[in-house]
There are 2 protein chains.
Amino acid sequence: MATAAANRRVVLKEYVEGYPREEHMELLPGGEVSLRLTGEEPAGSVLVRNLYLSCDPYMRPKMSRPLRESYTAAFVPGAAITGYGVARVLDSSDPRFSPGDLVWGITGWEDYSVVKPPATAFLAKISHAGEGVPLSYYTGILGMPGLTAYVGFHEICSPKKGETVFVSAASGAVGQLVGQFARLAGCYVVGSAGSAEKVELLKSKFGFHDAFNYKEEPDLCAALRRCFPEGIDIYFENVGGAMLDAVLLNMRVHGRIAVCGLISQYNLAEGEKDAVRNLAAVIAKRLRLQGFIEPDHKHLYPKYEEWVLPYIRDGTITYVEDVAEGLESAPKALIGLFHGRNVGKQLVRITDE
Amino acid sequence: MATAAANRRVVLKEYVEGYPREEHMELLPGGEVSLRLTGEEPAGSVLVRNLYLSCDPYMRPKMSRPLRESYTAAFVPGAAITGYGVARVLDSSDPRFSPGDLVWGITGWEDYSVVKPPATAFLAKISHAGEGVPLSYYTGILGMPGLTAYVGFHEICSPKKGETVFVSAASGAVGQLVGQFARLAGCYVVGSAGSAEKVELLKSKFGFHDAFNYKEEPDLCAALRRCFPEGIDIYFENVGGAMLDAVLLNMRVHGRIAVCGLISQYNLAEGEKDAVRNLAAVIAKRLRLQGFIEPDHKHLYPKYEEWVLPYIRDGTITYVEDVAEGLESAPKALIGLFHGRNVGKQLVRITDE
Ligand SMILES: NC(=O)c1ccc[n+]([C@@H]2O[C@H](COP(=O)([O-])OP(=O)(O)OC[C@H]3O[C@@H](n4cnc5c(N)ncnc54)[C@H](OP(=O)(O)O)[C@@H]3O)[C@@H](O)[C@H]2O)c1
Ligand SMILES: NC(=O)c1ccc[n+]([C@@H]2O[C@H](COP(=O)([O-])OP(=O)(O)OC[C@H]3O[C@@H](n4cnc5c(N)ncnc54)[C@H](OP(=O)(O)O)[C@@H]3O)[C@@H](O)[C@H]2O)c1
């Protein structure tokens, strides 16, 4: 058996302003990597073979030159990009893991990674792959986006049967789940997405009651009024900007807005973010806007997994993935998120081995 | 005893765009009014002699041509302006009230009003005037602004001892109370106001730990960073616009914003409201923004009154009023709110009788 292998890694070349482009990243040879821990790593390190990488919108803010404190630190130019992924453990000095284990969590954009503490705190053992559950789901429905959708909808929005729910970026990793969770909760749910194909998917596959292509709507406020003549009780906010401003005018009294993401703003410079002007609605309609991030709610993962697995197995909940092949395709897959090129959860398959 | 008297009333002449001016209102003779109910009023009506009128910022949106549904209906041009006030009951077909009773609630900007159902639901008997409690307090600390400050701070902000609190429009009817309530709750509290005199008042009279004149600060974000090097846990939002945008950058993780009012926006047309651009902080810092209106919380009034009365009597809580003399001064007093002319709670004394 080989004791070493050649590594490759995707690095950020320079900090990004505006939209990220493929040239901002680079696939580099990563030298030779030992297939056993050498003993020189910090105690508690885990050596993994990366199998799937997750492309997530939050990675864009990490590509900007760090300005002020953020819950996510900036990437280090020249080092492998870090992000969520699924991997096989080759060796471990963390007693939670043994060689051969499958794990998901924060790893590197490379073939092999040594995950060191404290990042190892984000590694979790996978016990449910196979049995009708693709391993790649741990980048999506069974990973960070899944818990995000669950916490954001069930914990933050306090949905009640019969309420109306609007989801933006509704066909994506998080949005497609929020729509299905809302329908399961007995809500009336409408989604927006950026193409006719996605709109069709929302209605035919994810059970949205209605959907619209926001790029084809000259007046977002009117589109929302058409879909919600009585107004919106719950808005699951993934995009921000003009959509948020239009939603504010269409909320109902005592409505709730789970502020999950503002992807339309991630590529804009500080002073150039879109203006939100309709905040008077927050008072008149007694709205609650609640920001949240998934890492705060990790303790709910076991509860979520137990809840969602039967729905995956019996087909009640479906999950659409957009799989890019090979580590070399990762930069293009990531930047595609900001142009809506992904249909469903964007991930990268490095290998199945 | 006279059985009739001459009435006068302040009417809105026309709907207002931009800042309200005295010419938008007019003091008119109101004809002769019977000092007993005539029997022609709807059952449950209450005839009152108005003693004090309250000038409140929410009256400005009611002066605009009605555009879309709002929790406050627009004023009717030509009819007496309605608003909070303190009055003496002359006659009543509402069994809750008898001639001679003092009441506070929604009345008219006139010498005498017939308050009819459903507006009478907002009338409440005053049982604690005298005994060191000026009657006029029922336009302020013991009236709508008092309950607003109490609900907004204690119910919406969930304050904890040692937290940092920022209050805008801090010397006003609501703000001066929020500052004192925050201090009583063991918080560190800073206020902003629009003149050196008000800033001095905040520190010397209301117990704010620190205060600044926002009109003299070229960079609101920097002013807040100076006052809150560790950030803001609670923002009691009275003004909106640029101040909100600066506050968002200075909030701490898990901070709360009670959205009480946006007075800086009330005189701006729909499309011209100030841009808020820093909403990304809502996610990064997991902020909660909660809008509220006082009428939703009327049931808490008895609890609030019982809590605050001893503090008023023993001087723990103080209240500064700005009293305009005579019904004829009401228009000027009201528009003064939007130029910061009031120092403390703006009210109008019609008569003491
Ligand atoms: N708070 C948290 O813990 C947390 C965790 C995970 C994700 N998030 C946030 O949740 C949101 C969705 O994430 P996801 O992983 O599910 O991504 P995704 O929806 O799978 O992919 C991003 C999608 O956003 C849409 N989009 C891109 N630019 C846009 C723009 N300018 N305006 C409107 N839509 C735009 C595109 O779809 P269209 O074709 O529809 O435009 C694109 O496909 C993001 O904002 C992300 O940051 C937050
Ligand atoms: N949600 C509710 O139920 C409820 C109930 C009552 C009041 N409110 C709101 O609470 C806020 C305070 O009301 P209040 O009765 O206590 O009024 P107030 O503070 O006594 O009077 C208004 C004050 O606002 C300040 N102001 C005016 N224009 C401004 C601007 N462009 N930018 C910044 N500050 C400005 C002025 O003080 P400076 O000298 O400091 O500029 C002025 O004295 C208002 O927004 C009001 O609508 C809400």
Side-chain angles (χ1 to χ4, degrees), chain A residues 57-58 61 67-72 148 152 156 221 225 231 237-238 240-241 244-245 248-266 268-297, chain B residues 57-58 61 67-72 148 152 156 221 225 231 237-238 240-241 244-245 248-266 268-297:
Chain A
Y58 82 88
L67 259 181
R68 64 173 77 89
E69 174 205 6
S70 163
Y71 75 99
T72 46
T148 300
I156 307 287
C221 187
R225 208 175 317 116
E237 166 66 296
N238 282 323
L244 176 56
D245 229 20
L248 284 168
L249 297 180
N250 283 280
M251 291 297 290
R252 296 182 74 173
V253 166
H254 298 304
R256 287 133 272 154
I257 299 181
V259 190
C260 175
L262 303 173
I263 195 169
S264 73
Q265 307 299 299
Y266 295 172
L268 304 178
E270 280 305 299
E272 288 168 7
K273 307 280 183 193
D274 284 339
V276 172
R277 300 187 198 271
N278 295 329
L279 289 168
V282 173
I283 303 176
K285 293 164 180 178
R286 296 80 118 182
L287 305 182
R288 171 163 62 86
L289 278 75
Q290 176 78 60
F292 72 101
I293 62 167
E294 181 264 358
D296 284 353
H297 303 271
Chain B
Y58 81 89
L67 259 181
R68 64 174 77 90
E69 174 205 7
S70 162
Y71 75 99
T72 46
T148 301
I156 307 289
C221 187
R225 208 174 319 115
E237 166 66 298
N238 282 322
L244 176 57
D245 230 19
L248 284 168
L249 298 180
N250 284 279
M251 291 298 290
R252 296 181 74 174
V253 165
H254 299 304
R256 288 132 272 153
I257 299 182
V259 190
C260 176
L262 302 174
I263 195 169
S264 73
Q265 307 299 299
Y266 296 171
L268 305 178
E270 280 306 298
E272 289 169 7
K273 307 280 183 195
D274 284 338
V276 172
R277 300 188 199 270
N278 295 329
L279 289 169
V282 174
I283 302 175
K285 294 164 180 179
R286 298 78 119 180
L287 305 182
R288 171 163 63 85
L289 277 75
Q290 176 78 61
F292 72 101
I293 63 168
E294 179 266 358
D296 283 353
H297 303 270

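In the text below, chain A, chain B and the rest are named by the order of the sequence lines, each starting its count at 1. Because only heavy atoms are used, hydrogens play no part in the values below, and waters and symmetry mates are left out as well, while side chains stay in.
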Open item on the list: I need the Q265(B) CD to R277(A) CZ distance, nearest 0.5 Å.
Closed with: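 So the gap between those two atoms works out to 9.5 Å.
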
Task: Heavy-atom pair with the smallest gap, counting every atom of Q290(B) and R286(A) - done: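 It is NE2-O, 3.8 Å.
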
Open item on the list: I need the residue from E272(A), R256(A), R288(A) with the largest number of non-hydrogen atom pairs under 4.5 Å to chain B.
Closed with: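 Of E272(A), R256(A), R288(A), R288(A) has the most heavy-atom pairs under 4.5 Å with chain B.
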
TODO: Check whether L287(A) gets within reach of chain B through its side chain, its backbone, both or neither, counting any heavy atom under 4.5 Å.
DONE: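 The backbone, not the side chain.
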
Open item on the list: If you define the side chain from C-beta out and look only at heavy atoms, does anything of H254(A) sit under 4.5 Å from D296(B)?
Closed with: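 Yes, at least one pair of side-chain atoms sits under 4.5 Å.
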
- [ ] Sequence neighbours left out, what passes side chain to side chain donor-acceptor pair (under 3.5 Å) with R252(A)? Give chain and number order.
- [x]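 Testing R252(A) for side chain to side chain donor-acceptor pair (under 3.5 Å), a comparison that skips the adjacent residues, returns none.
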
Task: Partners passing side-chain contact (heavy atoms from CB on, under 4.5 Å) against E237(A) (at least two apart in sequence or in another chain) - done: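 By the side-chain contact (heavy atoms from CB on, under 4.5 Å) rule, E237(A) matches S168(A), Y235(A), V239(A), L244(A), I257(A), V259(A), L262(A).
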
